[in-house]
Amino acid sequence: KSKALFNIEDFHQDCLNQMDVCNEDLFQMKSDWGSDSSAPIFILGLPRAGSTLIEQILSSHSMVEPTHELPNIISTALRLNERKSQDINSRYPDILLSLSAPQLKLIGDKYISDSEVFRSDKPYFIDKMPNNFRHIGLIKLILPNAKIIDARRSPMACCFSGFKQLFAEGQEFTYNLEDVGRYYKDYVSIMEHWNNVLPGFVLRVNHEDVVSNLENEVKRILNFCGLSFEDSCVTFYETDRSIRTPSSEQVRQPIYTSGLRQWENYEGWLDELKDILSLEIDKYNEEVYK
């Protein structure tokens, strides 16, 4: 834990800054300023929340190219934050207020051209970097025609699954139960913010809904992305492609429900997590299991 670079207080402050800067006024003032490409489909959220399953469903469509968890949005945010001046207005996300229409278009077009190395000639491609949920404001400004899918999973199942998984890199908040719980809470509140200031820009897909009503959710996802229905998206497990995430084996077989409540086997050791997430658990259960 002492060697981890992640700090939950810094992350919390970062989410507050995003919500403060990326408000309705900003998006009204700069609507449709970025790249005109509608090629990217972002699948984001927390790790272990069902994003690989959604990716496999969409990748089974004839017009959609799977790529990887592309670092491009996060590296763009880091570059914007590296301005030499100490002036807060020239740091990210504050710098978004001063970027011009040509600058935003340039950044969006660069994202598209940088992605071409991963693509063939299909008109749409997927970027599955989960941590992009912090940067939805940036995505909207540079790629206003992109599609964004928020892969959501019940709080205890998602947090426990992340905690027990040793990730190769980049998800250091999962090393500690308190951090996992607080991270989930911040994720929920920043997603609520994006939905308020950018209504309709993000489609939320609950993992439990995909498991219980696959065809309905497939149609909903394809409809949101402006894609026609193809049976292959329902039989996604027959699609042959390389998958490099911890869920690689699960998405090669038809949907099963055994993993949904796995955390309950360890419930006696998860009181701290349950206490932190109590409000989120109640709200999620109300929305999904109504």
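The shown structure was predicted, so the numbers you read here are calculated from the model rather than taken from an experiment.
- One distance of note links OG of S62 with CD of E230; it measures 3.5 Å at 0.5 Å rounding.
- In this structure, CG on L227 lies 9.0 Å from NZ on K147, to the nearest 0.5 angstrom.
- Ion pair E217/R220 flagged as a salt bridge, since at least one NZ, NE, NH1 or NH2 atom sits closer than 4.0 Å to an Asp/Glu carboxylate oxygen.
- At least one donor-acceptor pair closer than 3.5 Å links the side chain of N195 to the backbone N or O of M191.
- The shortest distance between side-chain heavy atoms of V205 and F224 does not fall below 4.5 Å.
- In this structure, I112 and P40 have side chains that are in contact, with non-hydrogen atoms separated by less than 4.5 Å.
- D127 has its side chain out of reach of I41: every pair of non-hydrogen atoms, C-beta onward, lies at least 4.5 Å apart.
- Once rounded to the nearest 0.5 Å, the distance linking CD of E178 with CG of L273 reads 10.5 Å.
- Proximity of a side-chain donor or acceptor of H61 to a complementary backbone N or O of S228 within less than 3.5 Å is detected.
- Ring to ring, F163 and Y184 are not that close: their centroids are 6.0 angstrom or more apart.
- For the residue pair S35 and D109, the shortest heavy atom distance occurs at OG-OD1, 2.8 Å.
- Taking the six-membered ring where tryptophan is involved, the planes of Y92 and H135 are tilted, since the angle between them lies from 30° to 60°.
- Residues S232 and S60 come closest through the heavy atom pair OG-O, 2.7 Å.
- Ion pairing between D186 and R182 fails under the 4.0 Å rule for side-chain N and carboxylate O.
- A 6.0 Å sphere centred on NZ of K122 holds more than 12 heavy atoms belonging to other residues, nucleotides or ligands.
- Side-chain contact between H207 and R152: absent, with no pair of heavy atoms (C-beta onward) separated by less than 4.5 Å.
- Here the closest non-hydrogen pair linking L96 and C22 is CD1-SG, 3.9 Å.
- No donor-acceptor pair closer than 3.5 Å links the side chain of S51 to the backbone N or O of P47.
- At least one donor-acceptor pair closer than 3.5 Å links the side chain of N176 to the backbone N or O of D179.
- Residues F27 and F201 share a single hydrophobic cluster, defined by chaining ILVMFWY side chains whose heavy atoms lie under 4.5 Å apart.
- Atom CG of D275 is surrounded by more than 12 heavy atoms from other residues, nucleotides or ligands within 6.0 Å.
- A side-chain N or O of Q103 and one of S100 form a donor-acceptor pair less than 3.5 Å apart.
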- Message: For K283 and E192: C-alpha separation, side-chain torsions, deciding distance, then whether salt bridge (charged side-chain N to carboxylate O under 4.0 Å, His left out) applies.
- Response: CA-CA 13 Å; K283 195 174 176 194; E192 207 166 292; 2.9 Å; yes
- For R153 and E208, what are the C-alpha separation, side-chain angles and deciding distance, and is it a salt bridge (charged side-chain N to carboxylate O under 4.0 Å, His left out)? CA-CA 7 Å; R153 187 178 177 192; E208 294 79 7; 5.0 Å; no
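- Cation-pi contact between K128 and F42: absent, since separation from the ring centre below 6.0 Å together with deviation from the ring axis within 45° is not met.
- Using a 4.5 Å heavy-atom cutoff, the side chains of W194 and Q18 are in contact.
- Results of the side chain to side chain contact (heavy atoms under 4.5 Å, CB included) test with V180 over S161, C159, P155 single out C159 as the only residue that passes.
- Here the shortest heavy-atom pairing between L99 and K30 reads O-NZ, 2.7 Å.
- In this structure, the side chains of I136 and D150 stay at 4.5 Å or more apart for every pair of heavy atoms.
- In this structure, the separation between CZ on F11 and CD1 on I190 is 7.0 Å, given to the nearest 0.5 Å.
- With contacts defined as side-chain heavy-atom distances shorter than 4.5 Å, the pair I126/S59 qualifies.
- Note that NZ of K219 is 10.5 Å distant from CG of L214, once rounded to the nearest 0.5 Å.
- A donor-acceptor pair is defined here as one N or O able to donate and one able to accept, closer than 3.5 Å; no such pair exists between the side chain of N72 and the backbone of Y111.
- By the 4.0 Å N-to-carboxylate-O rule, R119 lies too far from E65 to be salt-bridged with it.
- Side-chain contact check for L58 versus I43: some heavy-atom pair is nearer than 4.5 Å.
- A continuous path of ILVMFWY side-chain contacts below 4.5 Å connects L97 to L141, so both sit in one hydrophobic cluster.
- Residues F125 and F118 keep their aromatic ring centres 6.0 Å or farther apart.
- Hydrophobic clustering (side-chain heavy atoms under 4.5 Å, transitive across Ile, Leu, Val, Met, Phe, Trp, Tyr) groups L143 together with I95.
- Residues L277 and G181 come closest through the heavy atom pair CD2-O, 3.6 Å.
- With rounding to the nearest 0.5 angstrom, the CD1 atom of I148 is 11.0 Å from the SG atom of C225.
- Without hydrogens or angle criteria, S37 side chain to A39 main chain gives a donor-acceptor distance under 3.5 Å.
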